[in-house]
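Quick notes on the structure that follows.
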Amino acid sequence: MGGGGGAIGVTGLNEEDDVGKNEDENRWPPWLQPLLQTSFFVQCKVHADSHKSECNMYCLDCMNGALCSACLASHREHTAIQIRRSSYHDVIRVSEIQKFLDITGVQTYIINSAKIVFLNERPQPRPGKGVTNTCQVCERSLLDSFSFCSLGCKIVGTSKKFRKKKMLAETDGSDGEESINGIINESARNKLQSFTPSTPPPTVVNYRTAKRRKGVPHRAPMGGGLIVEYY
């Protein structure tokens, strides 16, 4: 009976993961993942002799890789977008991508007087001093009004699997912090007790050794010697 229950539990988790995966896939257009995985600014193999053979276009209908300007002749009735470069990273203009995709939460930048967004994450070794907001996925420094540094990070950061993993990590961190605080408090109490002096035992008085009253000397009435009398 116990083994069957475990199997059912594992099956239930797998089904839940499959449902979450399907939801994530249906949330985004089918061309987005292939777009983010495409290598741009390479020479077109079909039109290598053309002076515009650099591949910086992408067809959202065909999803068959990067295209050069000469390739567009075969995609006249299709929707194609242009990819640009900034600091060796692929970007796209906001005015172009927002027609087909919700980019809410993705930080925008101004390049050549045009707003752009980055396609993929750009990991940062460590956030700069005074940074109060970072990308939820790669921890790159962001302005306070944004949550992701790129389209790729938004896909990951809004997935059900990522949110579940982050929630578990935060819960484990909270439990660990409470445990550490408990240990520190217990250690502090022990140290406090060790530094607190104990009540000294009552002093035993030996009345036999108590200081006696000093004798008062009296002169003998007939002789010249002293007689000390004690009372």
Side-chain angles (χ1 to χ4, degrees), residues 13 16-17 19-41 56 58 60 66 81-189 191:
L13 291 175
E16 183 179 350
D17 291 341
V19 171
K21 184 177 180 181
N22 292 334
E23 289 179 356
D24 293 336
E25 291 177 351
N26 295 332
R27 180 183 292 120
W28 307 107
W31 50 261
L32 183 55
Q33 283 283 10
L35 167 67
L36 300 181
Q37 296 170 359
T38 299
S39 296
F40 292 96
F41 300 96
N56 64 340
Y58 189 83
L60 302 185
I81 57 176
Q82 182 177 356
I83 306 301
R84 305 169 192 272
R85 296 220 96 180
S86 174
S87 303
Y88 302 100
H89 293 280
D90 297 335
V91 303
I92 187 170
R93 286 184 175 177
V94 170
S95 59
E96 195 168 0
I97 191 64
Q98 66 182 0
K99 300 175 184 178
F100 316 104
L101 188 68
D102 178 15
I103 61 172
T104 303
V106 180
Q107 177 158 323
T108 58
Y109 299 85
I110 303 294
I111 296 180
N112 296 331
S113 302
K115 272 189 177 184
I116 60 91
V117 291
F118 284 86
L119 297 191
N120 292 295
E121 69 177 61
R122 296 171 297 138
Q124 201 171 16
R126 63 179 63 181
K129 293 183 179 179
V131 174
T132 58
N133 186 42
T134 59
C135 176
Q136 293 182 12
V137 177
C138 70
E139 298 186 352
R140 186 175 186 85
S141 303
L142 300 177
L143 297 177
D144 291 339
S145 57
F146 299 102
S147 302
F148 307 103
C149 72
S150 62
L151 300 179
C153 282
K154 180 172 181 177
I155 292 178
V156 175
T158 56
S159 67
K160 197 170 184 178
K161 182 178 181 180
F162 180 84
R163 293 198 304 268
K164 184 178 179 180
K165 182 179 179 181
K166 187 175 182 180
M167 182 179 66
L168 291 175
E170 291 175 351
T171 302
D172 292 342
S174 177
D175 292 342
E177 184 176 352
E178 291 177 0
S179 177
I180 292 173
N181 289 337
I183 294 173
I184 292 175
N185 292 336
E186 182 66 24
S187 176
R189 284 196 296 270
K191 288 182 179 180

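Position 1 is the first residue of the sequence, and the numbers go up from there. When reading the values below, keep in mind they use all heavy atoms of this one structure, side chains included, and skip hydrogens, waters and symmetry mates.
- Among residues two or more places apart in sequence or in another chain, the side-chain hydrogen bond (donor to acceptor under 3.5 Å, both in side chains) test is passed with Gln124 by Ser141.
- Rounded to the nearest 0.5 Å, atoms OG1 (Thr38) and OH (Tyr58) are 4.5 Å apart.
- For the atom pair CD1 (Ile81) and CG (Leu35), the distance works out to 5.0 Å, reported to the nearest 0.5 Å.
- Between Gln107 and Leu143 the shortest heavy-atom distance is OE1-N, 2.9 Å.
- In this structure, Leu101 CG and Leu151 CG are separated by 6.0 Å, a value rounded to the nearest 0.5 Å.
- Among residues two or more places apart in sequence or in another chain, the side-chain hydrogen bond (donor to acceptor under 3.5 Å, both in side chains) test is passed with Ser145 by none.
- Between the CD1 atom in Ile103 and the CD1 atom in Ile92 there is a gap of 9.5 Å [rounded to 0.5 Å].
- For Gln82, the side-chain contact (heavy atoms from CB on, under 4.5 Å) partners two or more places apart in sequence, or in a different chain, are Asn56, Met57, Arg84, Glu96.
- Although no hydrogens or angles enter the test, the distance criterion places no donor-acceptor pair under 3.5 Å between the side chain of Thr134 and the main chain of Glu139.
- In terms of heavy-atom proximity, Ser86 sits nearest to Ile111 at OG-CD1, 2.9 Å.
- Under the side-chain contact (heavy atoms from CB on, under 4.5 Å) criterion, Arg122 pairs with His89, Tyr109, Phe118, Arg140, sequence neighbours left out.
- Note: Phe40 CZ to Asp90 CG = 6.5 Å, rounded to the nearest 0.5 Å.
- Considering only heavy atoms from C-beta on, Arg163 comes within 4.5 Å of Lys160 through its side chain.
- With sequence neighbours excluded, no residue satisfies side-chain contact (heavy atoms from CB on, under 4.5 Å) with Lys165.
- Residues Ser147 and Leu142 form no side-chain contact, since every pair of their non-hydrogen atoms from C-beta on lies 4.5 Å or further apart.
- Panel note: side chain Asn120, backbone Leu36; a donor-acceptor pair is recorded below 3.5 Å.
- Between Lys154 and Asp102, the closest heavy-atom pair is NZ-O, 3.0 Å.
- Judged purely by atom type and a 3.5 angstrom limit, Lys166 has no side-chain atom pairing as donor or acceptor with the backbone of Gly157.
- Applying the side-chain contact (heavy atoms from CB on, under 4.5 Å) test to Asp144 and every residue at least two apart in sequence or in another chain returns Thr132, Asn133.
- The two residues Ala66 and Ser39 have their closest heavy-atom pair at CB-O, 3.7 Å.
- Between Trp28 and Thr158, some side-chain heavy-atom pair lies under the 4.5 Å cut-off.
- Residue pairs that meet the ring-ring contact (aromatic ring centres under 6.0 Å, His included) test with at least one member in residues 129-160, sequence neighbours left out, do not exist here.
- Without hydrogens or angle criteria, Asn112 side chain to Ala114 main chain gives no donor-acceptor distance under 3.5 Å.
- Looking only at distances, no side-chain donor or acceptor of Arg85 sits under 3.5 Å from a matching main-chain atom of Phe41.
- The distance from atom CD of Glu121 to atom SG of Cys149, rounded to the nearest 0.5 Å, is 6.5 Å.
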